[in-house]
Q: 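I have a structure here, written as structure tokens, and I will follow up with some questions on it.
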Amino acid sequence: MHIKDILNEFETDWAAMPFVEKEKLSMLRNKNIVIYGHELARCLCYALLYQNETKNLNIKITLTGKSRICLKDYHSELLIRDDFEFIDFNSISELSNIDYVIYTGICGEIQYENAQVFSDEIAAIKAVSSVSSAQNAKTIVLNDSRVYGLGIAHRAYSENEYAKLDINSPESFSAQFMRTAETMWKCLQKENTFDLTILRTGILLGPSTKFTCCLDNAFESIAKKKDTLINGSDKKYSFVYISDVFRAIVYSITDLKSNTVYNVEGINSTVSMTMLGTILHDIYCERCNIKIDGTKELSACAINANKISENGCHPQIDLETALKICVMSKMNTEKGMRLPHSHEGRLSSIQQLMLAFLLEMDRICKKHNIKYFLGGGTLLGAIRHKGFIPWDDDADVMMLREDYDKFCKIAAKELPPSITFQTYENDKHCFYDFAKFRLNGTIFATGFAKEHKQMHNGVAFDIFCHDKTANSRLGQKLHLAMTLFTRALVFNKWNNRKAENGNKIQSVLTNFFKWVFPLKFSLWLETKTLKFFKNKKNARYLYDGMGRNIYNGCFPIEYLDEAIYVDFDGYKLPVPKEYDKYLRFLYGDYMELAPLSTRMGCHAIELCDIGKYDGFKLYNNK
């Protein structure tokens, strides 16, 4: 039984953990993890099993609980898998070689005052903590913002701040229990000296989950095109999409400091209910009538999540995206995300500009007999969508080194006045190791690029070179390592950033040589590394030293031996004849759509002004 076969599109979205870096997930390989909790624990189990299937992590997951009734919402065939088992509390002492313990408790669960629930959860903490103690397992405990109590207006609570509790209110039970649970975990940790990290989440948003969210009725009404009522409030509340919680859990295991508390929320996700209702109105005003009325307060509060971001774990999902996916999960139709209004409605124009770049590229290369191929997501779009990936905002091409060098010599002379050919050689403020077309009179900059105001930051089209590498595995490994090292030297020097790549020795060396070497020398060293095997006569492998696909390693040189032409938005453009092998090397099952939450554009653009090209459309005269 494959997890993919039992998850729907929305469950797959969070189970795929699309925003957790491969290198972070790889640090979980061959680890044994014990999990206890309710709905969040169930979702986490599914997500980790999904990672086993898609990334071959070989994680062993042990779910524990009072009895097998804990499995009532789990797919029955999970118990025949080799990477999953259930152990009740009576047998928990038999566990061995446990690396991590994750306790999700009642995080995200609606609980009212109940002595049995309280008693059962305290017993669960005692049982689960015995594994932490006996195995010295790193432990992650989750609660949500209710732990802070009844927050006051205009106040966001940091990790060591608390609001008052109304102990006479039945809704205060969850807060009281969470505080008790955290105190108990901290006492057990001090007594038994295992590592403990506490995560406190905002209000959980998870499509196709069994969380009881305060917005469930609104999501249902909007999905069914019914009038929707949102209870307004002066107070603000923090929300978080479930995949950002999973990201925080992985970072707690791999990067975050132990014996510390961290708040977790989404991007721009602390709002009042009135503000939230306005966001929903802006998205769905044509679908239904959304009213904001009443002043019902929630048993939650606004939280300050700066600490976890300062420690490298940044949220990836904004509130609008999370709300869209949650509403769509309630619909009976429309089981795929519609084209989002990315870049404030400019995405269609941007894609048309990318197409114009591609056609200009094709014209120049045909004129000068230069071989090139569509690359990366543009190649994927050509094969899977017969054009752009609907949510993509850029275009890439790739060349072999001899074609790339030839193209760079003639491109500037061939381009019209509206386009600048940008390399580190003709733009002294640019230190990218690859070439770009830039559209004059426009701005299209990421958070990194916008800091370099003197560099040409117009709408861009990327031109990558795939270089030869060694034939032996050892030679390839050394070449790849040197490439990554020199790239880190350039990027961190250019960005004035301290290198922190997870390996302390590498980070120390990178930071030392970054300080010693001038930026231009580091770029020269990077270029020399890329071209080290340029003249190798019997080379059998290539690698993408300039691009993000470098982490996939090398691939056979014959993948880029011959070009064929395929349909791309009504035009014929070149792709590798062996595109199937190449795309499988890059993406695995490349015909499978990306998780929903990633279909929001390729880049986080912070400065966007396409000027007179707003509404641009390239007409197909063929």
Q: Y543 and T483: side-chain donor and acceptor closer than 3.5 Å?
A: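 Per modelled atom types, Y543 and T483 side chains form a pair under 3.5 Å.
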Q: Tell me whether the rings of F437 and F421 are parallel (<30°), tilted (30 to 60°) or perpendicular (>60°).
A: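 F437 and F421: perpendicular rings.
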Q: Checking Y100 against Q135: is there a side-chain donor and acceptor pair closer than 3.5 Å?
A: no
Q: Between N8 (side chain only) and E11 (backbone N and O only), is there a donor and an acceptor less than 3.5 Å apart?
A: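 Looks like yes, one N/O pair under 3.5 Å.
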Q: Verify whether the ring centers belonging to F464 and F434 lie closer than 6.0 Å.
A: yes
Q: With a 4.5 Å heavy-atom cut-off, do K468 and L542 have their side chains touching?
A: yes
Q: Verify, without hydrogens or angle tests, whether D244 (side chain) and I317 (backbone) share a donor-acceptor contact under 3.5 angstrom.
A: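 The answer is yes, because a donor-acceptor pair under 3.5 Å joins these two groups.
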Q: May I ask you to decide if the ring planes of F246 and W14 are parallel, tilted or perpendicular, using 30° and 60° as cut-offs?
A: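 Plane angle over 60°, so perpendicular.
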Q: Assign the ring pair F555 / Y559 to parallel, tilted or perpendicular, where the plane angle (0 to 90°) is split at 30° and 60°.
A: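 Because their plane-to-plane angle is under 30°, the rings of F555 and Y559 count as parallel.
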Q: Is the F388 ring parallel, tilted or perpendicular to the F568 ring (thresholds 30°, 60°)?
A: perpendicular
Q: Check for a donor-acceptor pair, side chain of Y579 on one end and backbone N or O of I564 on the other, with a separation under 3.5 Å.
A: no
Q: Could you check whether any side-chain N or O of R29 sits under 3.5 Å from a backbone N or O of L57, counting only pairs where one atom can act as donor and the other as acceptor?
A: no
Q: Could you tell me whether a side-chain N or O of D462 sits under 3.5 Å from a main-chain N or O of D396, the two making a donor and an acceptor?
A: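 Between the backbone of D396 and the side chain of D462 there is no qualifying donor-acceptor contact (under 3.5 Å).
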Q: Got R247 and M17 here, is their nearest side-chain heavy-atom distance under 4.5 Å?
A: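 Side chain of R247 against side chain of M17, heavy atoms only: no contact under 4.5 Å found.
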Q: In Å and rounded to the nearest 0.5 Å, what is the CD1 to OH distance from I59 to Y50?
A: 14.0 Å
Q: Do the side chain of T529 and the main chain of M482 share a donor and acceptor less than 3.5 angstrom apart?
A: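 No, T529 side chain to M482 backbone: no donor-acceptor pair under 3.5 Å.
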Q: Checking side-chain polar atoms at under 3.5 Å, does N52 have a donor or acceptor matched by the opposite partner on D83?
A: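 The answer is yes; a qualifying pair exists.
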Q: Fit a plane to each ring of W494 and Y432, take the angle between them on a 0 to 90° scale, and name the class: parallel (under 30°), tilted (30 to 60°) or perpendicular (over 60°).
A: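 If you compare the ring of W494 with that of Y432, the planes turn out perpendicular.
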Q: Just so I know, are the side chains of R438 and I419 near enough to count as touching, which here means a heavy-atom distance under 4.5 Å?
A: no
Q: Could you tell me whether the side chain of Y241 reaches within less than 4.5 Å of the side chain of I267, counting heavy atoms only?
A: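 Not in contact.
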Q: Would you say the side-chain atoms of N457 pair up with the backbone N or O of A445, donor to acceptor, closer than 3.5 Å?
A: no
Q: Could you tell me if D318 and T321 have a donor-acceptor pair between their side chains, going purely by distance under 3.5 Å?
A: yes
